[in-house]
Every structure is written in structure tokens, then in C-alpha cells.
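Basis for what follows: all heavy atoms, side chains included, without hydrogens, waters or symmetry-related copies. Proteins get letters first, then strands, A, B, ... in listed order; numbering begins at 1 in each.
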There are 2 protein chains.
Amino acid sequence: MSQHRHPGAPDRPGAVPALPDLPEATVARLPEYLRALHNLAETGHETVSSEGLASAAGVNSAKLRKDLSHLGSYGTRGVGYDVALLIDQIEYVLGLTHRRSVALVGVGNLGHALAGYDGFATRGFRIAALFDADPSRVGEEINGLVVRHVDELPGVAAEESIAIGVIATPAAAAQRVADQLVAAGVTSILNFAPCVLSVPDGVDVRKVDLAIELQILSFHEHRKASLTALPATGGSTLTALPGGLAVTDPQEAIGT
Amino acid sequence: MSQHRHPGAPDRPGAVPALPDLPEATVARLPEYLRALHNLAETGHETVSSEGLASAAGVNSAKLRKDLSHLGSYGTRGVGYDVALLIDQIEYVLGLTHRRSVALVGVGNLGHALAGYDGFATRGFRIAALFDADPSRVGEEINGLVVRHVDELPGVAAEESIAIGVIATPAAAAQRVADQLVAAGVTSILNFAPCVLSVPDGVDVRKVDLAIELQILSFHEHRKASLTALPATGGSTLTALPGGLAVTDPQEAIGT
DNA sequence: AGGCGCTTGTGAAGACACGCACAAATCGCG
DNA sequence: CGCGATTTGTGCGTGTCTTCACAAGCGCCT
Ligand SMILES: NC(=O)c1ccc[n+]([C@@H]2O[C@H](COP(=O)([O-])OP(=O)(O)OC[C@H]3O[C@@H](n4cnc5c(N)ncnc54)[C@H](O)[C@@H]3O)[C@@H](O)[C@H]2O)c1
Ligand SMILES: NC(=O)c1ccc[n+]([C@@H]2O[C@H](COP(=O)([O-])OP(=O)(O)OC[C@H]3O[C@@H](n4cnc5c(N)ncnc54)[C@H](O)[C@@H]3O)[C@@H](O)[C@H]2O)c1
């Protein structure tokens with residue numbers, strides 16, 4: 001099947017660069033490569049060149065090669081990468097060799113959507129439990145899972161080996177929920193509430209904030225508009241500000 | 001020394017360097033500062049120090065000061081920043097001086113949650129229209145908006161001055177929807193479908209992929225587990241791999 | 001009026017990330 | 001069996017981002 005050799009390290013028969021210290025930027029891209037690879041595998045591709053995979057993942061091919069080289073080099077020069085092998089490689093590094101259990105806290109508007117999302121299951125995760133604080137929601141069944149009261153967190157987390165929690169409560173409750181998750185042994189949190197969480201060392205938090213994404217887009221809209229208004233000039237020639245706000249483009253004007 | 005304007009003219013609290021070229025990293029943080037500032041304003045704070053704001057936004061204070069300095073310096077030494085003024089400043093730079101209209105395409109599981117989300121309205125946006133391709137969904141009313149057929153996009157987009165689109169369709173339809181949005185004049189897209197979109201120059205795309213976030217967390221879980229298994233050693237001493245996968249920690253093993 | 005403590009704004013250095021460009025490796029074919 | 005076509009892996013220059021550390025500025029208190 002596999003003759004795994006790896007340049008970097010001296011030849012250790014059978015040994016592999018266990019968990020190389022990957023740059024964060026690389027880690028953030030690996031899931032994208034993985035998704036692209038699964039697509040390729042489904043469409044019958046057995047190998048893929050760095051160029052091909054890079055364009056499927058929307059990145060520069062040199063960057064992709066460097067990323068992959070960090071996990072020990074599994075390509076063949078003149079040929080490319082073995083799709084199936086690379087999938088295994090990346091899944092291993094990402095810790096997806098077993099399905100991880102996730103707890104979802106806050107089964108409201110957003111929580112319902114997440115609970116019914118099949119993208120969890122198809123990409124290495126299992127929603128193991130749903131929690132809410134609202135008594136009228138507890139007991140409700142969603143997608144085969146019963147909503148439990150958040151007080152049951154510690155017991156259930158231990159029972160189901162849950163190490164990842166998703167927070168989909170209002171911002172006001174998020175910190176409290178985070179504390180409860182941590183107390184229950186969770187060491188990774190995905191936070192949808194628009195607020196910063198403080199957690200002990202050793203606990204990772206990632207945040208998804210829809211409004212922030214839109215505001216970043218808004219900035220670029222604003223800039224595009226002001227650029228078309230000032231065709232050439234590198235200089236700045238706008239005006240005013242708060243309490244006398246400037247407008248750079250008719251389209252930018254408020255109202256009507 | 002600021003290469004913008006004013007070699008020392010704090011006498012002009014109204015004038016400002018129009019649209020400075022902000023580093024992308026800074027742009028990505030401004031929304032977070034903005035949110036923190038609104039919280040501060042609501043709790044009665046009139047001024048805030050870089051330290052205070054930084055901790056509220058979860059960043060290093062030097063970074064925050066440098067970020068703010070890019071927008072032209074509005075702090076007072078020995079005192080801090082004027083909260084209200086800074087809010088106006090940031091909102092101006094982000095192009096939030098008027099409410100931007102957003103089109104949401106794909107009113108399924110996730111789309112419903114987004115359509116009902118009030119975080120849009122409170123942070124500078126307005127969902128101006130909902131679209132879907134499924135005839136049985138068209139006509140449905142959500143939160144006061146009627147779902148329209150996606151073919152109506154061009155007309156509605158023009159009518160409502162929509163420049164930002166949100167894609168919440170299955171991945172298979174996302175590229176097609178993106179093309180339709182672009183054709184309708186949209187120049188910024190927020191994509192929830194797990195796929196890369198290709199768009200013309202001048203159109204910005206941001207992507208939110210829940211599974212990617214979880215996989216990044218998974219990586220760190222994996223690493224934490226392997227670190228506790230190998231207390232000290234900086235070296236690597238794991239085993240096997242795909243087709244003979246290694247396990248670093250009992251907890252990491254697949255549930256019997 | 002002057003000094004003192006606090007806070008900003010920024011220079012400089014280091015860390016990190018990116019992408020080019022090319023040598024080294026592999027395959028297929030004549 | 002050797003050669004050319006192809007593609008990887010990576011050294012290196014470049015640019016961006018982060019962080020430290022401190023002088024300059026500001027308000028307050030005496
Ligand atoms: N709806 C969206 O599309 C959307 C999009 C982006 C972000 N968000 C954010 O996600 C979060 C949830 O949004 P939503 O629209 O689902 O709100 P929601 O009010 O519909 O749901 C919140 C749920 O959390 C539960 N809850 C409250 N306090 C709790 C606690 N202490 N422990 C456990 N559960 C608790 C509530 O009972 C409720 O069921 C909010 O922070 C929101 O800003 C929502
Ligand atoms: N549900 C979640 O919590 C969640 C989370 C993260 C990402 N996502 C992603 O968001 C997307 C939507 O997820 P969902 O669960 O809402 O799916 P869904 O199937 O419930 O909804 C998709 C909707 O898109 C509509 N649609 C299909 N093709 C269309 C087209 N060409 N034009 C316009 N509308 C079209 C469908 O009619 C349907 O209403 C998917 O790509 C999914 O991977 C979903």
C-alpha cells in the first residue's frame with residue numbers, strides 16, 4: 001500500500017513525523033484542501049497535481065505545495081499527489097480519524113439550523129447532544145436528538161466524550177455557557193455569539209460572526225465606491241466626518 | 001510621521017484622511033472594536049483607554065493603538081479615546097454611515113435562521129429581499145418579507161440598490177447563484193456554501209464554513225491530546241499512519 | 001505655574017507568510 | 001537505456017503583521 005518515506009527527518013523505518021508543528025495559516029487551509037480532495041475522489045480522480053488541487057481549493061500552487069510539504073511530502077514528482085493517500089494524511093493530521101462528538105448549546109433560531117445540518121456528519125463530526133436553558137425547549141426532539149437542560153452538561157459531556165462545544169445562545173449568556181462547557185471538560189469552543197469569551201489556557205475558541213463578515217464587505221464596498229469617484233489620484237481628497245459626514249459617491253448617499 | 005496630512009494640526013477635529021489604505025488585518029478587527037465600543041457606550045462610558053478597549057475586544061493594546069492610528073488618531077494622551085467619536089470614525093471607515101441592503105439567496109434551513117436574525121439590522125444592514133429557486137418556497141412570508149423567485153434578482157437588486165449578496169444554497173447551486181448575483185450588480189458576496197466561488201475582479205467574496213472551523217478545532221484537540229501523551233519531548237515519537245493509523249492517546253481512539 | 005502620572009502614537013525589530021523560480025526527481029517513450 | 005516532459009520540494013527575497021518599548025503629549029493636582 002504505502003511506502004511512507006519522508007525527507008526532512010533521518011530515516012526512521014516505519015516512523016512518521018507524528019505531529020509536525022504546522023503554521024496556523026497552513027492548518028486553516030488544510031480543511032479546504034480536504035474538501036477539494038473529496039470532490040476529486042468522488043469524480044474518479046486518482047491523482048492530482050499541485051496546480052489542479054490548488055485551483056480547486058482557490059489558492060496559489062506554491063503555497064499548497066509548501067503546506068503539504070509540512071506534513072511530510074507525499075507527492076510524486078512528475079505525477080502529482082495520490083488523492084486517497086493525501087486524504088488520509090490530512091484527516092490524520094486534523095485528528096479526523098475518529099468522529100468527534102460535539103455539544104450544541106442554545107437551540108434557538110440558529111441552533112435549530114445547526115442541529116439539522118448534515119455537514120457536521122459528512123465532515124467528521126457528530127452532534128452528540130443539544131442543550132438549552134429554556135424549560136419550554138427542553139424535551140423537544142430535533143433530528144432524533146432530545147434537547148436537554150444545560151445543567152445536564154457535565155454528565156452528558158463525560159458520558160459522550162465531548163470535547164468540542166458550539167455556542168448558539170444570545171451574547172449575554174455566552175460567557176456563562178462557555179464557563180459551563182469548560183467546567184464540563186470541553187477544550188474547544190465554536191462561538192456564534194457576538195462577544196469575546198475568556199477561557200483558561202489550553203482551551204481554544206473560534207468565533208463566527210456574521211455581522212463582522214458583512215462589515216468587512218461593507219468596507220470594501222465603501223472603498224470601491226470612493227475609488228470610482230476618484231479615478232486616478234493617489235492622494236486623498238475627501239472631506240468631513242462625524243458630525244459633518246462626508247460622502248464620496250452619489251451611490252453612497254443615505255436614503256432614497 | 002503621518003504621511004497623510006496635518007504636520008501637527010490637531011486643531012482640525014473635523015478633517016480626516018479620507019480613506020486611508022488600511023491593512024487587511026486591521027480592517028478585519030475594526031468591526032470587533034466597533035462592537036466593543038457600542039457596549040461601552042451603552043454602559044455609560046464616555047472615554048476608554050487603549051488598554052480597556054483592547055481587552056474588551058480581545059486583542060493586544062499596542063495592536064489596537066496601531067490599528068486606530070491608521071484611521072488618523074483620535075485619542076487624547078493621558079486620557080484615552082472618546083467613545084462616541086471613535087464609533088463614528090470606525091462606522092465611517094467601514095462604510096456604515098448608511099444602512100446597506102442585502103439580498104439573501106436560499107431560504108432553507110440556514111436561510112430561515114439568517115432571515116430571522118436581528119443582528120443584521122442592529123449592525124448596519126437590512127435584508128432587502130429573499131430569494132429561492134424552489135417554487136414551493138416562493139411566496140412564503142418570513143419576518144415580513146416575501147420570498148421571491150431567484151429570476152427576479154436583477155430587477156429587485158436594482159430597485160433596492162443591493163450590492164451585497166448572501167448565499168445559503170447547497171454547494172452545487174452556489175456558483176450559479178454567484179453568477180446571477182454578479183449579473184445583477186452585486187459586488188460583495190458572503191458565501192455559506194462549502195465551495196470556492198469564482199467571480200470577476202472587483203467582486204469580493206468571503207466565506208463562512210462551519211465544518212472548516214470545527215476541523216481547525218479538531219486539529220488542536222488532536223495536538224493537545226498528543227502533547228499530554230508526550231509530556232516533555234520536543235521530538236516526535238509516534239507511529240504508523242493511514243492504512244495503519246497511529247493513535248496517540250487512549251482518548252483519541254475510536255470508540256469501541 | 002509647574003511637576004507628575006497616565007496614555008497615546010510610533011520606530012524598530014522580530015516573526016510570520018507569501019510567491020517566485022529553479023534544481024531534483026520521476027515517468028513514459030522512442 | 002537515455003532523454004525530454006512534467007511536477008514536486010524548497011531556498012530566498014519580499015512584504016505584511018505583531019510586539020516591545022519609550023518619547024512626547026495631556027490633564028490634574030498641588
Ligand atoms: N440567527 C442567526 O442567523 C444568527 C446568525 C449569526 C449569529 N447569531 C447569533 O447566534 C446566537 C443565537 O441566535 P438565535 O437567533 O438562534 O437566538 P435565539 O434567541 O433564537 O436562540 C437562543 C437560544 O439560546 C437559549 N439560551 C439562552 N440562554 C441560555 C443559556 N444560558 N444556556 C443555554 N441556552 C440558553 C435560548 O433559550 C434560545 O433557545 C446569538 O448570539 C446571535 O447573535 C445568530
Ligand atoms: N444548516 C446549517 O446550519 C448550515 C451551516 C453551515 C453551512 N451550511 C450551508 O449552507 C447551505 C444551505 O444549507 P441549508 O441547510 O439551509 O440547506 P437547505 O437545503 O435547507 O436549503 C437550501 C435552499 O436553497 C434553495 N436553492 C437550491 N438551489 C437554488 C438556486 N439555484 N437558487 C436559489 N435557491 C436555491 C433550496 O430551494 C433550499 O430552499 C448549504 O451549502 C450548507 O452546506 C448550512
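- Put simply, CG on B:Asp67 is 13 Å from C1' on D:dT19, counting in whole angstrom units.
- When rounded to the nearest whole Å, the span between CG of A:Leu68 and P of D:dT7 equals 16 Å.
- A salt bridge links A:Asp209 with B:Arg123; the closest basic N to acidic carboxylate O contact falls under 4.0 Å.
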- With salt bridge (charged side-chain N to carboxylate O under 4.0 Å, His left out) as the test, would you mind laying out the steps for A:Glu32 and B:Lys207 before giving the verdict? CA-CA 11 Å; A:Glu32 194 70 55; B:Lys207 183 179 162 188; 2.7 Å; yes
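- Looking at A:Glu221 and A:Lys224, a side-chain N of the basic residue comes within less than 4.0 Å of a carboxylate O on the acidic one, giving a salt bridge.
- OP1 or OP2 of C:dT26 has not a single side-chain nitrogen or oxygen of A:Thr76 nearer than 4.0 Å.
- In this structure, the nucleotide among D:dG27, C:dT10, D:dT8 sitting nearest to the side chain of B:Ser69 is C:dT10.
- Non-hydrogen atoms lying under 4.0 Å from DNA chain C are contributed by B:Arg65, B:Lys66, all within residues 51-66 of chain B.
- For a distance-only test at 3.5 Å, the side chain of B:Arg77 qualifies as a donor-acceptor partner of the base of C:dT8.
- Protein atom CG of B:Asp82 is 15 Å distant from nucleotide atom C1' of C:dT8, rounded to whole Å.
- Donor-acceptor pairing under 3.5 Å is recorded for the side chains of A:Tyr33 and A:Asp67.
- Between C:dT26 and A:Tyr81, no contact under 4.0 Å exists linking OP1 or OP2 to a side-chain N or O.
- Between the CZ atom of B:Phe120 and the CG atom of B:Leu114 there is a distance of 5.5 Å, given to the nearest 0.5 Å.
- Among B:Val205, B:Leu197, B:Leu190, the single residue meeting the side chain to side chain contact (heavy atoms under 4.5 Å, CB included) criterion with B:Ile167 is B:Leu197.
- Interatomic distance, CG of A:Leu34 versus CG of A:Leu86, reported as 8.5 Å (0.5 Å rounding).
- Contact annotation: A:Ser49 side-chain N/O to D:dT7 OP1/OP2 distance is not under 4.0 Å.
- If you measure from atom CD of A:Glu24 to atom C1' of C:dC18, you get 17 Å, rounded to the nearest angstrom.
- Considering only side-chain N and O atoms, B:Ser73 lies under 4.0 angstrom from the phosphate OP1 or OP2 of C:dG9.
- Under the 4.5 Å side-chain criterion, counting only non-hydrogen atoms from C-beta, B:Thr76 is not in contact with B:Thr47.
- Between A:Tyr33 atom OH and D:dT8 atom P there is a gap of 13 Å when expressed in whole angstrom units.
- Residues B:Glu24 and B:Arg29 are not paired through a salt bridge, judged by the lack of any N-O separation under 4.0 Å between the basic side chain and the carboxylate.
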Could you pull out the protein-nucleic contacts involving nucleotides 28-30 of chain C (nitrogen or oxygen on both sides, under 3.5 Å)?
none

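- Here C:dC16 presents its P atom at 11 Å from CG of A:Asp21, a figure rounded to the nearest Å.
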